[in-house]
> 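The structure is given below, and queries will be raised subsequently.
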Amino acid sequence: MQLTEIEDVLFYGKPLCIPGEIKERIAESHRFLTKFAKDKVIYGINTGFGPMAQYRVNDEDVKSLQYNIIRSHSCGAGEPFPELYVKAAMMARYFTFAAGKSGVDPRALDLLQEFINRGIYPVIPQHGSVGASGDLVQLAHMALAIIGEGEVFYKGERRSTAEVMKIEGLTPLVPTMREGLALNNGTAMMTGVGIVNLHYAKMLLQYAVIASVMMNEIASSYDDFMSPVLNGLKNHEGQSEIAKLMLEVCKGTQCMRKRAVEMFHRHEEKVFEHKVQPYYSLRCVPQILGPIYEAFKFTEKILIEEFNAVDDNPVVDMDTETVYHGGNFHGDYVSFEMDKLKIATTKLTMLMERQLNYLCHDRINGILPPFLNLGTLGLTYGIQAMQFTACSTTAECQTLSNSMYVHSIPNNNDNQDIVSMGTNSAILAKRVIDNSYQVMAIHYIALVQAVDCLEIADKLSPFTKEIYTEVRNIVPKFIEDTPKDADIQHVIDYLRTKKINIL
């Protein structure tokens with residue numbers, strides 16, 4: 001399954017459906033494991049879990065063992081994940097089972113599908129996973145709902161799972177051999193959060209490209225910093241791609257200067273009124289956003305591989321008639337990518353904050369009033385205070401960008417002696433992305449205010465004019481001081497929900 005297909009289900013309401021051949025493969029895997037497991041020692045079927053695997057479990061207790069792993073590990077803490085992130089995690093678990101390598105009862109897949117399609121989302125606390133034997137604690141809360149216990153979000157309310165399943169006519173799963181462990185033991189939570197993070201981060205990158213074009217329109221920059229020849233000489237795909245995107249976005253602009261024309265004009269002034277080269281936050285956009293583009297592209301590759309992977313333990317393989325014991329539940333791939341994603345997003349946020357500073361600083365830009373203040377200087381304050389918020393939020397992103405991937409702590413009686421902390425890494429990346437939308441929203445409010453200060457709306461490119469108009473419909477031109485917190489949130493909502501695809 002590719003990112004666009006995942007997004008169709010996550011964001012646009014396309015239902016999940018199990019093809020018959022996949023369902024049969026899962027059933028066949030379940031039958032194989034039922035037969036294969038007789039008279040054999042298989043982890044998590046007739047043994048304890050983790051360091052307790054050295055203890056055999058009696059045949060009459062096998063079903064209780066599966067309930068125990070779910071109930072004992074449903075011990076998360078903190079705020080619950082938003083429904084969208086839980087939906088993504090359920091999808092990741094769904095596609096692991098769909099591979100037919102887990103030996104689970106097909107009803108486990110059926111119920112995951114029904115929950116996803118009917119909008120039933122288990123209440124999953126954010127804290128609990130070390131991301132090594134999978135997201136055991138968070139996924140236990142998911143499994144708890146599948147067996148009809150715990151709580152779920154349903155039609156905007158937090159309710160008892162048993163009540164909701166009764167309303168929807170669903171029967172809880174009764175674990176047989178290994179459904180408890182299979183539901184718990186994998187990277188679905190970190191991968192689900194990672195997929196949502198990637199979606200929103202890619203949107204941020206597109207908004208950063210558009211904002212950067214509008215910035216250079218406002219500054220009436222020379223256009224050659226976007227030249228395919230110039231950027232191609234750096235040899236980096238991302239840099240050339242960002243420059244290409246900027247050229248597409250600024251097609252039809254009347255605001256930017258053409259270096260190829262003006263450099264041949266005769267200039268006799270000793271001090272040039274217009275900057276020969278603008279500040280780096282305007283001129284070096286391809287060089288700054290280029291590596292971010294490439295980082296996001298690689299993160300997408302890794303997350304899609306993980307989303308479609310068999311990431312539990314043990315793994316049931318009918319082809320070789322073997323049950324393999326290993327560590328496919330380990331989350332290092334996702335953890336590392338979430339660290340890179342949040343670092344890249346922080347740098348993007350820093351670029352937006354520096355562009356915002358350019359707009360606010362009249363002695364730097366030389367063409368705009370201080371803080372884009374259209375009122376009486378000293379009496380009114382424009383976006384002066386909004387810059388504080390953007391600066392503060394950017395600083396938090398910088399602190400949050402310290403690596404989680406390298407902060408392993410041994411636990412579980414040192415059975416888990418090196419762990420990924422992948423879900424923590426994904427949660428921190430989510431926080432950075434949420435912060436970045438706040439800074440981006442403030443920047444766009446400033447951009448459209450600057451356009452009105454200069455009265456250049458009709459000279460913008462058709463693309464940036466459209467964005468200008470849409471933002472202005474949310475936040476009209478302002479002269480007097482009014483609270484702006486609601487305006488910022490409205491622009492955040494616009495940025496997060498607008499369907500945009502220039503990448």
> Please identify each residue that fulfils salt bridge (charged side-chain N to carboxylate O under 4.0 Å, His left out) with R118, with sequence neighbours left out.
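R118 satisfies salt bridge (charged side-chain N to carboxylate O under 4.0 Å, His left out) with E114, E168 once adjacent residues are dropped.
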> Report the C-alpha separation of Y444 and I467 in whole Å, then their side-chain angles, then the decisive distance to 0.1 Å, and conclude whether the side chain to side chain contact (heavy atoms under 4.5 Å, CB included) test is met.
CA-CA 9 Å; Y444 268 91; I467 301 293; 3.5 Å; yes
> Can you pull out every side chain to side chain donor-acceptor pair (under 3.5 Å) where at least one residue sits in residues 75-88? Sequence neighbours excluded, please.
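Pairs touching residues 75-88 that pass the test: none.
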> Between Q398 and T346, does any side-chain donor sit less than 3.5 Å from a side-chain acceptor?
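No - no donor-acceptor pair under 3.5 Å links their side chains.
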> Test L495 against M203 for side chain to side chain contact (heavy atoms under 4.5 Å, CB included), laying out the working first.
CA-CA 8 Å; L495 294 173; M203 289 176 66; over 6 Å; no
> Quick one: list whatever passes ring-ring contact (aromatic ring centres under 6.0 Å, His included) with H199, sequence neighbours left out.
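If we apply the ring-ring contact (aromatic ring centres under 6.0 Å, His included) test to H199, skipping adjacent residues, the hits are F11.
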> Assess the residue pair D434 and R496 against the criterion (salt bridge (charged side-chain N to carboxylate O under 4.0 Å, His left out)); give the C-alpha distance rounded to whole Å, side-chain angles, the decisive distance to 0.1 Å, and a yes or no.
CA-CA 10 Å; D434 290 344; R496 293 187 82 117; 3.0 Å; yes
> Looking only at heavy atoms, what is the nearest atom pair of Y154 and I167, with distance?
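Shortest heavy-atom contact: OH-CG2, 3.8 Å.
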> Can a side-chain donor-acceptor contact be found between H236 and E294 if the only test is distance below 3.5 angstrom?
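Short answer, no.
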> Can you tell me which residue pairs pass the side chain to side chain donor-acceptor pair (under 3.5 Å) test with a partner in residues 361-376, sequence neighbours excluded?
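Found N373-T380.
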> Check the side chains of E217 and T464 for a donor-acceptor pair under 3.5 angstrom, ignoring hydrogens and angles.
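E217 and T464 do have a side-chain donor-acceptor pair below 3.5 Å.
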> State which residues pass side-chain contact (heavy atoms from CB on, under 4.5 Å) with A426; sequence neighbours excluded, sorted by chain then number.
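A426 satisfies side-chain contact (heavy atoms from CB on, under 4.5 Å) with V193, N197, M338 once adjacent residues are dropped.
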> With sequence neighbours left out, write down each residue that passes ring-ring contact (aromatic ring centres under 6.0 Å, His included) with F336, or none if nothing qualifies.
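So F336 forms a ring-ring contact (aromatic ring centres under 6.0 Å, His included) with Y405.
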> With side chain to side chain contact (heavy atoms under 4.5 Å, CB included) as the test, would you mind laying out the steps for L359 and M215 before giving the verdict?
CA-CA 8 Å; L359 294 174; M215 276 295 305; 3.7 Å; yes
> Listed by chain and number, what are the salt bridge (charged side-chain N to carboxylate O under 4.0 Å, His left out) partners of K297, not counting sequence neighbours?
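Partners of K297 by the salt bridge (charged side-chain N to carboxylate O under 4.0 Å, His left out) criterion, ordered by chain and then number, come out as E237.
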> Test of understanding: with salt bridge (charged side-chain N to carboxylate O under 4.0 Å, His left out), list the residues that count as partners of K251, not counting sequence neighbours.
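So K251 forms a salt bridge (charged side-chain N to carboxylate O under 4.0 Å, His left out) with E248.
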> Restricting to ring-ring contact (aromatic ring centres under 6.0 Å, His included), what partner residues turn up for F388, sequence neighbours left out?
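With neighbours one apart ignored, the set is empty.
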> What residues, two or more places apart in sequence or in another chain, satisfy ring-ring contact (aromatic ring centres under 6.0 Å, His included) together with F97?
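Per chain and number, F97 pairs via ring-ring contact (aromatic ring centres under 6.0 Å, His included) with no residue.
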> Test of understanding: with salt bridge (charged side-chain N to carboxylate O under 4.0 Å, His left out), list the residues that count as partners of E300, not counting sequence neighbours.
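For E300, the residues satisfying salt bridge (charged side-chain N to carboxylate O under 4.0 Å, His left out) (neighbours in sequence not counted) are K202.
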> Does the pair D224/K258 count as a salt bridge with the N-to-O cut at 4.0 Å?
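A salt bridge is absent here (no side-chain N lies under 4.0 Å from a carboxylate O).
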> Given M91 and F307, is the side chain to side chain contact (heavy atoms under 4.5 Å, CB included) satisfied, shown in steps?
CA-CA 8 Å; M91 287 179 64; F307 192 90; 3.7 Å; yes
> Is the shortest side-chain N to carboxylate O distance from D339 to K342 below 4.0 Å?
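Looking at D339 and K342, the cut-off is met.
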> Just to verify, what does L454 make a side-chain contact (heavy atoms from CB on, under 4.5 Å) with, not counting sequence neighbours?
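side-chain contact (heavy atoms from CB on, under 4.5 Å) list for L454, sorted by chain: I218, I367, L368, I456.
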